[in-house]
Amino acid sequence: MHREGRAAAQGGVAACPSLIGWQGCLPQEGRTIPYDQPQMTAPAASAAQRARGKARLGARLRNGRTAISDLHMSGSAKLLFPRPKDALQAVYLNSSGGVTGGDAFEVEAYAEPGAHLVMTTQAAERVYRALPAETGRVETRLTLGAGARLDWLPQETILFEGGALDRRLSIDMAGDARLTACEALVFGRHAMGEVLHDLRLRDRIDLRIDGRLAFADRLHLQDDAAGTLAHPAIANGAGAVATVIHAAPGAATLRDPLREMLPETAGLSALSAELLVLRVVSVDGYTLRGHLAPVLRRLSGAELPRPWMI
Amino acid sequence: MTTGTPTTTMTTDAALTLHQLFSPAFPVGAFAYSHGLETAVQAGQVADAAALQGWLEAALRHGAGWSDALLLAQAAQGADADMLSELGLALSPSAERRLETEQQGRAFAATVSAVWELEIPPSPYPVAVGLAVQALALPLDEALRLYLQAFAANLAGAGVRLIPLGQTDGQRVVQALAPLCAELAERALGAELDDLGGFAPLIDIASQRHDMLYSRLFRS
């Protein structure tokens with residue numbers, strides 16, 4: 001029942017008749033997905049109920065617009081495509097409704113030379129209580145060809161008490177490509193008074209530019225996350241963090257204008273002329289969105305993808 | 001010395017070499033870097049000895065202390081030095097933290113190479129130290145403890161100047177952190193590369209904001 005319960009809790013998506021006809025299966029115009037809709041914390045799934053999902057997407061420039069050149073979906077990983085603009089927008093959806101121990105998801109996307117791909121998620125990903133020996137795994141690989149552009153803008157990942165997540169984001173890009181990537185984590189839902197004393201989180205980011213490792217992030221937070229977050233030198237009681245990476249020729253010129261948008265709990269540095277890294281901590285997921293939205297709008301030069309709208 | 005400790009079988013020469021390498025007089029220029037502490041002090045977040053100790057504890061356990069110890073151990077144990085060097089630089093969350101590890105590592109490698117007639121390539125500081133430990137056949141457990149204590153002592157010194165605190169308070173902080181340095185050193189000895197990582201976002205953010213300060217004593 002847990003699986004069904006998770007899918008039904010996803011709201012709106014479970015009612016979708018078929019994901020094959022991906023054009024017609026989207027939130028309606030003007031509809032908003034609350035980032036934090038109340039729902040039950042699903043209990044740990046048994047071994048027999050592990051979710052698997054794989055999605056692969058290729059984007060190619062064709063007559064000035066970006067179109068799908070490759071598409072594969074299996075298991076609980078779905079990709080939806082809102083009506084096309086010049087960029088190709090893909091909305092990832094985990095139809096199992098969350099990640100728990102033993103689950104495994106893989107997402108692979110590549111923007112061919114000159115293509116522009118925008119990726120987001122249908123809803124905030126939820127990481128539910130796992131059995132002690134089990135961990136949910138999520139692996140994402142993004143590739144950007146020469147002159148390509150990829151905006152990786154998933155909604156936040158919400159971690160629940162007992163959650164265990166091992167996640168890896170690997171990005172390989174050409175030096176003249178343009179990347180904006182954001183990963184946001186919310187440690188329990190602040191408004192619901194949730195506090196995490198039992199968490200296992202490993203989150204890795206590797207960014208390679210022309211084959212060279214330009215940035216690596218290794219987040220490792222274990223056990224009493226609330227205690228660590230409460231430390232004044234670590235997060236000072238904040239419940240949400242995010243890392244934003246922007247890599248593009250001349251990226252560093254955006255450092256000062258972006259800094260003007262940041263709260264005091266955020267920092268932004270130009271690691272090189274082509275690479276900006278931003279970290280922010282916020283009291284909760286809602287505040288974090290407020291901190292991120294202007295930065296991401298500025299970096300992408302566009303409104304945030306529709307599923308983000310609050 | 002320490003004849004009762006099973007993990008340490010250091011000759012006098014090795015002990016003296018290690019103390020030379022981690023002495024504040026060894027010309028790596030550590031005194032010029034605050035690792036973002038200057039930002040935290042100016043913001044009023046670190047205003048006394050207790051807060052300084054808490055900040056350093058976080059940097060050691062959840063920040064660069066642990067990551068450096070692991071990189072040092074991996075380099076000393078023979079892991080691919082080019083891979084570790086690339087990773088060591090890529091892990092820096094800010095330009096100034098990158099400079100901090102790059103410049104100290106470069107100076108350390110150059111001095112060790114010249115004095116002991118070795119060829120230690122310019123590498124991020126912990127990787128350069130690990131390569132030297134391997135090349136000079138120095139005891140890794142002791143090198144890790146001393147590296148971490150030097151890291152703590154250098155930043156405690158920065159805190160003493162910035163807050164400001166008395167020298168005695170600064171030394172009390174270093175002394176209080178000794179067990180943590182020993183604990184992390186022991187863990188790093190048996191750790192794998194995938195154990196790399198931590199979580200200290202406000203320390204990263206402090207280093208990212210350091211170049212925005214109106215007046216600065218330190219380079220990071």
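Each chain gets a letter, A, B and so on, in the order the sequences are listed, and its residues count up from 1.
With a 4.5 Å cut-off on side-chain heavy atoms, L202(B) and N236(A) count as touching. Residues V241(A) and F199(B) meet the side-chain proximity criterion, which asks for heavy atoms closer than 4.5 Å. Counting heavy atoms from C-beta outward, D211(B) and R255(A) have side chains that approach closer than 4.5 Å. A 4.5 Å side-chain heavy-atom check between V277(A) and Q208(B) finds at least one atom pair inside the cut-off.
Interatomic distance, CE of M212(B) versus CG of L268(A), reported as 8.5 Å (0.5 Å rounding). Within the model, atoms CG of L213(A) and CG of L91(B) stand 8.0 Å from one another, a figure rounded to the nearest 0.5 Å. Interatomic distance, L221(A) CG to H62(B) NE2, rounded to the nearest 0.5 Å: 8.0 Å. E264(A) contributes atom CD, which lies 5.5 Å from atom CZ of R209(B) (distance to the nearest 0.5 angstrom). Interatomic distance, I205(B) CD1 to R279(A) CZ, rounded to the nearest 0.5 Å: 7.5 Å. The structure places CZ of R97(B) at 10.5 Å from CG of L271(A), a figure rounded to the nearest 0.5 Å.
Remark: the backbone N or O of S269(A) is not paired with any side-chain donor or acceptor of S94(B) at under 3.5 angstrom. With R202(A) contributing its side chain and D194(B) its backbone, the two residues share a donor-acceptor pair below 3.5 Å.
The residue among D206(A), L219(A), D256(A) with the most heavy atom pairs within less than 4.5 Å of chain B is L219(A). Among the candidates A58(B), G197(B), G198(B), the residue making the largest number of heavy-atom pairs closer than 4.5 Å to chain A is G198(B). Listed options Q222(A), H220(A), H231(A) were ranked by heavy-atom pairs under 4.5 angstrom with chain B; first place goes to H220(A). By number of non-hydrogen pairs under 4.5 angstrom with chain A, the leading residue of A40(B), A51(B), A90(B) is A90(B). For the set A270(A), A233(A), S272(A), the entry with the most heavy-atom pairs within less than 4.5 Å of chain B is A233(A). In terms of heavy-atom pairs under 4.5 angstrom with chain A, the leader among G63(B), P201(B), S207(B), A206(B) is P201(B).
Of the two parts of S67(B), neither the backbone nor the side chain holds a non-hydrogen atom closer than 4.5 Å to a non-hydrogen atom of chain A. Of the atoms belonging to Q45(B), not a single heavy atom falls under 4.5 Å from chain A.
A salt bridge is absent between D195(B) and R218(A): the closest approach of a Lys/Arg side-chain nitrogen to an acidic carboxylate oxygen does not fall below 4.0 angstrom.
Within a 6.0 Å radius of CZ in R216(B), more than 12 heavy atoms belonging to other residues, nucleotides or ligands are found. Within 6.0 Å of CD in Q167(B) there are 12 or fewer heavy atoms belonging to other residues, nucleotides or ligands.
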